[in-house]
Amino acid sequence: MTQGNRTKSQTLIAMDGLKQLIFSGELPAGSDHLETELAERLGMSRTPVREATLMLAGQGLLDVRPRKGVRILSLSVADMDEIYELLTELESLAARRAADAGYPNSALKKLAASIQDMEKALHKGDREKWAQADEDFHTELVRLGGNSRVISIIANFNNQVRRARAMTLYIRPLPEKSNADHRAVLEAIAVGDSESAFRIHHEHRSNARKMLVELLHKHGLKHV
C-alpha cells in the first residue's frame, strides 16, 4: 500500500470515528473541539483527523475554523423538514424509474434482502439493526433508480438523516407500517407498476417526514 493510500484509509477511519461520536451525542451540536483533542479521542495522528474534518465540513456536520478547531453543527427541525421534503420527491422518482427499468427479480435481491433484514430485526426488537436495514433499502432503491445526480444529491444528506434517526429511533413507534410500505414498493417495482411505486413511496416518505417533525417538537429536540 502506498503512503497516499494509507493516508486515505486513515482519513476514512477518522471520518467514521468522528461521525460515530457526533451521532452518539458524545460530540454534541454546538460544541467546540481542537484537532489535538479529537485526535486523542480517536487514538490517531492529527493529519488524517484534519482531513476528515474538512470532508465532514463539506457534508454539513461541522464547521472548521482556522486556528480555532471545529464546531459541531446543529440541524433545526426546519432543516430536517426541508431535507425530508427533498428526499420524498427524489426517492419517489427513483422508485418510479426502477419500476420502469423492467428489472428481473434477480436484480432486486438486495432490495428484498434489506426488507427481510428489517422484518427480522423488528421481530427481535432490535431497532438499531432495523435502522441499518432501512438505510440499506433506501440506498438500494435510489441506486436502482439509475440517476447519478439523484444518487449524488441524496448522498449529501445521508449524514443529516442518520443523525435525526439516531435522535428519534427509540422514541418513535415500532416501524411495522414502514416494513409493509417497503414490501409494497418492491412488489410494484417487480411488476413494473411505476405509478404505484411512486405513489406508495411518496406516501411512505411523507408520513415519515411528518412523524419525525412531530417527534422532534414533542420531545423538545429543536436541534439535532
Side-chain angles (χ1 to χ4, degrees), residues 13 15-29 41 59 61 72 74-77 79-81 83-85 87-88 90-92 94-95 98 105 108-144 154-155 157-190 196-197 199-224:
I13 291 172
M15 281 185 64
D16 287 342
L18 289 173
K19 285 192 288 188
Q20 183 176 351
L21 290 172
I22 293 171
F23 297 154
S24 68
E26 292 183 58
L27 298 180
R41 279 187 181 233
Q59 297 176 12
L61 285 181
I72 309 303
S74 62
L75 286 170
S76 68
V77 174
D79 291 330
M80 290 310 307
D81 191 36
I83 289 171
Y84 265 80
E85 181 179 23
L87 291 179
T88 297
L90 293 182
E91 287 190 5
S92 299
N105 287 335
L108 303 177
K109 286 184 177 179
K110 190 170 183 179
L111 200 64
S114 67
I115 296 173
Q116 291 174 353
D117 289 341
M118 279 186 277
E119 291 174 345
K120 290 178 182 177
L122 189 58
H123 180 70
K124 294 179 180 178
D126 191 331
R127 294 191 180 221
E128 292 187 6
K129 285 189 176 180
W130 175 87
Q132 181 58 60
D134 178 68
E135 182 177 337
D136 292 343
F137 174 89
H138 289 276
T139 299
E140 180 65 4
L141 176 66
V142 172
R143 188 191 71 79
L144 290 170
I154 289 178
F157 296 111
N158 281 342
N159 283 329
Q160 288 92 328
V161 172
R162 290 187 191 112
R163 181 189 277 184
R165 179 188 288 123
M167 292 288 290
T168 59
L169 186 59
Y170 288 96
I171 58 177
R172 62 165 292 168
L174 283 174
E176 295 175 350
K177 176 67 165 56
S178 182
N179 285 10
D181 290 345
H182 290 141
R183 188 163 292 284
V185 171
L186 171 61
E187 291 171 354
I189 291 173
S196 290
R199 175 181 53 79
I200 295 168
H201 194 73
H202 196 280
E203 183 178 346
H204 165 71
R205 267 309 199 184
S206 295
N207 289 337
R209 172 188 173 192
K210 180 180 179 182
M211 180 194 66
L212 174 70
V213 171
E214 287 179 351
L215 283 173
L216 292 174
H217 276 301
K218 180 179 178 180
H219 292 270
L221 304 173
K222 297 181 180 180
H223 295 86
V224 296

For residues 109-120, which residue pairs pass the side chain to side chain donor-acceptor pair (under 3.5 Å) check, not counting sequence neighbours? Glu119-Arg183
Heavy-atom distance under 4.5 Å between the side chains of Met80 and Val213, does that happen here? no
Correct closest heavy-atom pair for Ala94 and Val142 would be CB-CA, 3.9 Å
With sequence neighbours left out, the residues meeting side-chain hydrogen bond (donor to acceptor under 3.5 Å, both in side chains) with Glu128 are Tyr170
Closest non-hydrogen contact found for Pro28 with Ile72 is O-CB, 3.4 Å
May I ask you to test the Arg41-Glu26 pair for a side-chain heavy-atom distance under 4.5 Å? yes
Taking only residues two or more places apart in sequence, or in another chain, which ones meet Asp16 in a side-chain contact (heavy atoms from CB on, under 4.5 Å)? Lys19
With sequence neighbours excluded, tell me which residues meet side-chain hydrogen bond (donor to acceptor under 3.5 Å, both in side chains) with Glu187. none
For Asp126, what residues pass the salt bridge (Lys or Arg N to Asp or Glu O under 4.0 Å) criterion, not counting sequence neighbours? none
Minimum heavy-atom distance between Met211 and Pro173, given as atom pair plus value: SD-CD, 4.0 Å
How far apart are the C-alpha atoms of Leu174 and Trp130, what are their side-chain angles, what is the distance that settles it, and do they pass the side-chain contact (heavy atoms from CB on, under 4.5 Å) test? CA-CA 10 Å; Leu174 283 174; Trp130 175 87; over 6 Å; no
Looking at residues at least two apart in the chain, or sitting in another chain, which of them share a side-chain hydrogen bond (donor to acceptor under 3.5 Å, both in side chains) with Glu176? none
Who passes side-chain hydrogen bond (donor to acceptor under 3.5 Å, both in side chains) against Arg172, sequence neighbours left out? none
How many angstroms lie between atom CD of Glu85 and atom CG of Leu90, to the nearest 0.5 angstrom? 10.5 Å
Rounded to the nearest 0.5 Å, what's the gap from CZ on Arg143 to CD on Glu140? Could you check? 4.0 Å
Is there a side-chain contact between Asp134 and Pro175, using heavy atoms and a 4.5 Å cut-off? no
Between Leu108 and Leu144, is there a side-chain heavy-atom distance shorter than 4.5 Å? yes
Who pairs with Ala131 by side-chain contact (heavy atoms from CB on, under 4.5 Å), at least two apart in sequence or on another chain? Arg165, Leu169
Measure the NE2-OG1 distance between His201 and Thr88 for me, rounded to the nearest 0.5 Å. 7.5 Å
Short side-chain to backbone donor-acceptor contact, Asn207 and Glu203, under 3.5 Å: yes
Approximate separation, where rounding is to 0.5 Å, of Leu141 CG and Ile189 CD1: 5.0 Å
Taking the side chain as everything from C-beta on, heavy atoms only, tell me whether Leu216 gets closer than 4.5 Å to Thr168. yes
Please report the C-alpha distance between Asn179 and Ile115 in whole Å, then the side-chain angles of each, then the deciding distance to 0.1 Å, and finally whether the side-chain contact (heavy atoms from CB on, under 4.5 Å) criterion is met. CA-CA 7 Å; Asn179 285 10; Ile115 296 173; 5.7 Å; no
Sequence neighbours excluded, which residues qualify as side-chain contact (heavy atoms from CB on, under 4.5 Å) partners of Ser196? Ala188, Asp193, Arg199, Ile200
Going by the rule ring-ring contact (aromatic ring centres under 6.0 Å, His included), which residues pair with Phe137 if we only count those two or more places apart in sequence or in a different chain? His182
Between OG1 on residue Thr139 and CG on residue Asn158, distance to nearest 0.5 Å: 6.0 Å
Hey, could you give me the CD/CG distance between Gln160 and Leu61, rounded to the nearest 0.5 Å? 5.5 Å
Can you name the side-chain contact (heavy atoms from CB on, under 4.5 Å) partners of Asp181, sequence neighbours left out? Lys177, His204
